[in-house]
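Beneath this line is the structure, given in structure tokens, with notes to follow.
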Amino acid sequence: MTQSLQPPEETVIPDSLGSKSKLSFSWQIGFTLVMFGFMYLPIAVLAFYSFNQSAYSANWKGFTFDWYVKLFSDGRILSSLQNSLIVAFCAVGISAVLGTLMAVGLAKYQFRGKSLYLGVSYLPLIIPDIAIAVATLVFLAVFAIPLNLWTIVAAHIVFCLAYIALVVSTRLADLDPHLEEAALDLGATPFNAFIQVLLPQLIPGIVSGCLLAFVLSMDDFLIASFTAGSGFNTLPMEIFSRIRTGVKPDINALSVILIVMSGLVAFLGEFWRYKSEK
């Protein structure tokens, strides 16, 4: 009596798991594309219309570089750009020195009320710009200080100092404290140990903090508008005064240049941070 051999039944694996993973993967890609489109599509449209021949951004009349040429011959734009650069360089330069010393002092020394001082030092990071602007204006009015370009610098130092100190503190936390102690044991003075051992290790953090503070200072409108005197417009203030009557292609061109320069500064800061980590 022979038994017929039957092939084993194949196990059927449901494809529901694979379909769900494919569906989930496709949903993630779609969500990512939507988010990137929401963030960068307006910038692409702005850059596209900066080459429009028409003086009105809504009507496309042809491709031209005339608005970029006109931009660099505009005296008001160049004057406001000069004011913004003066404010940014002065505020960042002073904040770099004070912020580095503040970060080192808070990291290495213990004193009464240190926690309170630490919290107060970083308040400009969370306080709204409008509150800082009003408080600075009231302070200047109480002491009868006339508003000019240097009052903008003083106001920008307030928040630039906090950003630079925060970045330097983060860099300081990753350093080996025994290197400076070894320098002191070998006969170096505290000043020499700071200059020759600690400061070179802090330079990447200082540069990153300065680049971040520079971009924020160039971008500031609220604080500058409250603390600027007559005839001392910064670049954001000049842009705001012009777009109230409509956005023209020269403003689009200026915005494109600012976006490119800000992206370049951010890339340099990130490259410097990556290089320092290596």
Side-chain angles (χ1 to χ4, degrees), residues 42-43 46 50 57 67 70-96 98-99 120-166 209-266:
I43 298 177
L46 181 143
S50 67
S57 298
W67 300 111
K70 179 182 177 181
L71 185 65
F72 288 103
S73 61
D74 193 325
R76 290 174 54 187
I77 289 292
L78 296 179
S79 176
S80 59
L81 176 61
Q82 180 182 4
N83 292 336
S84 291
L85 290 175
I86 292 174
V87 170
F89 278 114
C90 292
V92 171
I94 297 173
S95 300
L98 298 180
V120 172
S121 300
Y122 296 135
L123 273 179
L125 300 176
I126 59 176
I127 293 179
D129 288 346
I130 185 65
I132 298 177
V134 172
T136 306
L137 180 61
V138 171
F139 175 81
L140 296 174
V142 168
F143 289 94
I145 300 176
L147 301 180
N148 50 42
L149 192 65
W150 301 109
T151 55
I152 308 177
V153 173
H156 280 205
I157 290 175
V158 174
F159 65 86
C160 289
L161 179 65
Y163 279 101
I164 294 177
L166 179 63
C210 289
L211 292 176
L212 174 62
F214 182 84
V215 172
L216 293 174
S217 178
M218 289 290 295
D219 185 59
D220 174 70
F221 169 75
L222 275 175
I223 298 177
S225 62
F226 274 74
T227 56
S230 177
F232 293 99
N233 284 352
T234 60
L235 192 57
M237 295 170 61
E238 180 66 25
I239 293 175
F240 179 77
S241 65
R242 295 193 179 195
I243 63 174
R244 288 184 297 180
T245 58
V247 181
K248 299 297 178 61
D250 56 344
I251 300 299
N252 293 340
L254 178 59
S255 301
V256 171
I257 294 175
L258 291 177
I259 291 171
V260 172
M261 295 304 296
S262 299
L264 181 61
V265 171

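- A distance-only check finds a donor-acceptor pair linking the side chain of Ser84 to the backbone of Leu235 [under 3.5 Å].
- Between Asn252 and Trp67, every side-chain heavy-atom pair lies at or beyond the 4.5 Å cut-off.
- Distance alone, capped at 3.5 Å, places no donor-acceptor pair between the Ser262 side chain and the Ile259 backbone.
- Nearest heavy atom pair, residue Ile223 against residue Asp220, reads CB-OD2, 3.3 Å.
- The nearest pair of heavy atoms linking Ala91 to Ile157 is CA-CG1, 3.8 Å.
- No side-chain donor-acceptor contact under 3.5 Å links Asn233 to the backbone of Met237.
- Annotation for Ala155 and Thr136: closest pair CB-CG2, 3.9 Å, computed over non-hydrogen atoms.
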Please assess Met218 against Met261 for the test side chain to side chain contact (heavy atoms under 4.5 Å, CB included), listing each intermediate value before the final yes or no.
-> CA-CA 11 Å; Met218 289 290 295; Met261 295 304 296; over 6 Å; no
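- Looking only at side-chain heavy atoms (C-beta outward), Pro236 and Asp219 stay at 4.5 Å or farther from each other.
- Atom OG of Ser241 and atom CD of Glu238 lie 4.0 Å apart (nearest 0.5 Å).
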Assess whether side chain to side chain contact (heavy atoms under 4.5 Å, CB included) is satisfied between Leu71 and Ile257, documenting all intermediate values.
-> CA-CA 10 Å; Leu71 185 65; Ile257 294 175; 3.6 Å; yes
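- The aromatic rings of Phe139 and Phe143 sit tilted, their planes meeting at an angle between 30° and 60°.
- Summarising the geometry, atom CD1 belonging to Ile132 is positioned 7.5 Å from atom CZ belonging to Phe159; distances are rounded to the nearest 0.5 Å.
- In this structure, OH on Tyr163 lies 14.5 Å from SG on Cys210, to the nearest 0.5 angstrom.
- With rounding to the nearest 0.5 Å, the separation of CG in Leu149 from OG1 in Thr227 is 9.5 Å.
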Could you check Leu211 against Val92 for side chain to side chain contact (heavy atoms under 4.5 Å, CB included), going step by step and ending with a plain yes or no?
-> CA-CA 8 Å; Leu211 292 176; Val92 171; over 6 Å; no
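- The stretch residues 144-153 participates, sequence neighbours left out, in no side-chain hydrogen bond (donor to acceptor under 3.5 Å, both in side chains) pair at all.
- Residues Leu81 and Phe72 have side chains not in contact (no heavy-atom distance under 4.5 Å, counting atoms from C-beta outward).
- Under the 4.5 Å side-chain criterion, counting only non-hydrogen atoms from C-beta, Thr234 is not in contact with Ser80.
- Minimum heavy-atom separation, Cys90 to Val153: CB-CG1, 3.9 Å.
- Of the possible donor and acceptor atoms, one in the side chain of Ser225 sits under 3.5 Å from a partner among the backbone N and O of Leu222.
- Closest approach of Ile164 and Ala96 over heavy atoms only: CD1-N, 3.7 Å.
- Nearest heavy-atom pair, Leu147 versus Phe226, reported as atom, atom and distance to 0.1 Å: CD1-O, 4.0 Å.
- With hydrogens and angles ignored, the 3.5 Å screen pairs no side-chain donor or acceptor of Ser217 with any backbone N or O of Ala213.
- Put simply, CG on Leu258 and CD1 on Ile239 are 5.5 Å apart, with the number rounded to the nearest 0.5 Å.
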Show the numbers, then the answer: is there a side chain to side chain contact (heavy atoms under 4.5 Å, CB included) between Val138 and Val142?
-> CA-CA 6 Å; Val138 171; Val142 168; 4.3 Å; yes
